[in-house]
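Have a look at the structure below, then the notes.
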There are 2 protein chains.
Amino acid sequence: MARRTQGTSAGLDRERIAAAAVALVDRDGLERFGVRRLADELGVDPMSIYHHIKGKAALLDAISEAVLAEVAPAAHDASHGWQEIASRTAHAYRETAYRHPQVFPLLATRAQTSPVALAALERLVTAMREAGLPDQVVADAPMTLFGFLNGYLMAVLSGGSGGGGAMPAIDATTYPTMAALAPLQAGFGSVEEFDRILGTALGGILDRARAAGGGHDVRSV
Amino acid sequence: MARRTQGTSAGLDRERIAAAAVALVDRDGLERFGVRRLADELGVDPMSIYHHIKGKAALLDAISEAVLAEVAPAAHDASHGWQEIASRTAHAYRETAYRHPQVFPLLATRAQTSPVALAALERLVTAMREAGLPDQVVADAPMTLFGFLNGYLMAVLSGGSGGGGAMPAIDATTYPTMAALAPLQAGFGSVEEFDRILGTALGGILDRARAAGGGHDVRSV
DNA sequence: AGACGAAATCTACAACGTAGGTTTCTCGGT
DNA sequence: ACCGAGAAACCTACGTTGTAGATTTCGTCT
């Protein structure tokens with residue numbers, strides 16, 4: 001119905017396609033996503049898309065790139081310490097993930113080499129180095145931080161888009177300790193939980209830096 | 001050719017199917033995996049599989065369950081401290097992941113509720129609690145640890161099954177710090193790297209326990 | 001022998017990704 | 001005002017996928 005009469009330039013370009021693809025995945029999920037459905041959404045023939053994007057794999061790349069670009073860059077302001085930068089970046093990442101839960105698996109799965117991602121990492125490691133952290137600790141930091149972020153967010157977001165917790169009622173007699181701890185896991189997916197775990201990760205980095213006997217100003221914010 | 005003549009009981013059951021599925025994914029990858037190919041492999045009609053497993057989703061569940069069962073249970077011996085248990089479990093998990101790199105995305109994506117997984121967690125949290133760590137720290141530990149494990153292993157294993165590093169040559173002029181640190185990321189995917197990052201995570205947990213002023217014996221192995 | 005439930009199979013369909021060829025629009029040079 | 005070139009959109013077609021539904025065959029018990 002909305003399909004263009006043949007030949008008229010429908011104003012298709014990579015950006016418009018990516019935006020529509022993100023919207024479609026947000027709505028119907030990754031499983032249901034496909035070239036044909038996307039074409040329908042755009043009111044366009046499936047094959048038209050191939051003139052701008054090479055194939056489905058490239059389409060998925062475009063989606064994750066577009067979503068990643070939404071991550072608010074953590075204050076370019078260099079006056080913040082590395083922990084501040086790391087925390088801001090992590091929270092921005094989390095918020096974007098929550099905004100596009102269905103897309104997130106793509107982010108966690110694909111190696112991110114886009115300029116935005118690299119620029120963010122560069123800012124972080126630079127700040128860490130200036131704070132005097134040992135080089136090896138700084139070199140490991142991106143993997144440590146984003147490994148944790150991706151794994152944690154994946155776990156949290158896999159629990160259905162609805163709202164029900166993902167914990168499937170633990171049997172108290174066979175797993176007594178876990179059952180006893182269950183109440184403390186009430187805020188599953190909450191910012192508070194995120195902050196606690198993020199704090200643990202950053203604390204671990206700081207701790208390792210101290211142990212390795214880094215530069216001058218290892219302690220403090 | 002290997003196809004059974006119709007009707008003979010081919011001795012199909014959930015276990016045999018899962019084993020063949022794992023082998024198939026190991027060989028051809030997740031993308032190429034499908035019900036029909038699996039049926040071919042088993043010398044069986046595609047529809048036969050549906051008599052033992054409800055659909056493709058359930059098939060993927062069976063795969064990840066089978067692989068997870070391979071994880072060597074960390075010494076049931078209760079004489080070890082929680083850090084020992086955590087470390088052993090993490091290494092066993094890593095080894096299984098490396099044995100089935102193509103399957104791993106399934107493990108990281110799906111919420112694990114199988115008895116083996118829960119039993120392992122129960123052992124860990126029990127040991128942590130006995131060591132006197134604060135309840136909230138213990139409650140967060142599984143997410144912290146497995147979040148990190150899944151995220152890190154996902155990143156490492158996504159770099160093609162071959163052996164080439166995943167780092168795509170960083171431009172030294174636009175990202176000077178990262179370029180300077182590149183040599184220190186040489187052993188990408190190595191046990192040493194894994195140990196460093198695992199140590200950071202465990203250190204973070206210990207640190208947080210100390211800060212929260214836990215029970216009696218917070219310090220030490 | 002005959003009946004019954006479980007297991008394996010056959011048939012069929014809608015949806016998918018995309019290669020190859022054809023039509024139509026846009027636009028600069030004359 | 002015309003034309004030719006190149007890009008953008010489209011149509012057709014093929015092989016493959018997941019799986020619903022009906023059908024056949026087997027092993028087992030009476």
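Keep in mind that this is a model prediction, so the values were computed, not measured. Numbered from 1 within each chain, the chains take letters A, B, ... in sequence-line order.
Remark: R27(A) engages E41(A) in a salt bridge, criterion side-chain N to carboxylate O under 4.0 Å. Salt bridge annotation for E65(A)-R110(A): absent, with no cationic side-chain nitrogen under 4.0 angstrom from a carboxylate oxygen.
With rounding to the nearest 0.5 Å, the separation of CG in D61(B) from NZ in K56(B) is 12.5 Å.
Counting all heavy atoms, side chain and backbone alike, L145(A) lies closest to L198(A) at CD1-CD1, 4.2 Å. Taking all atoms of both residues into account, the shortest heavy-atom contact from H91(B) to F194(B) is NE2-CD2, 3.8 Å.
Between L59(B) and L38(B) there is a side-chain heavy-atom pair separated by less than 4.5 Å.
Taking every heavy atom of residues 50-58 of chain A and every atom of DNA chain D, pairs under 4.0 Å involve H51(A), H52(A), by number. For the contact set between residues 23-37 of chain A and DNA chain D, defined by any heavy atom under 4.0 Å, the members are R36(A).
Crowding of E70(B) atom CD: a count of heavy atoms from other residues, nucleotides or ligands under 6.0 Å exceeding 12.
Proximity of the aromatic rings of F146(B) and Y93(B) is defined here by a centroid distance below 6.0 angstrom, and this criterion is met.
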Find every protein N or O atom lying less than 3.5 Å from an N or O atom of nucleotides 4-6 of chain D, and list the pairs.
none

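For S48(B), the listed nucleotide lying nearest its side chain is dA8(C); candidates were dA8(C), dT11(C), dT12(D).
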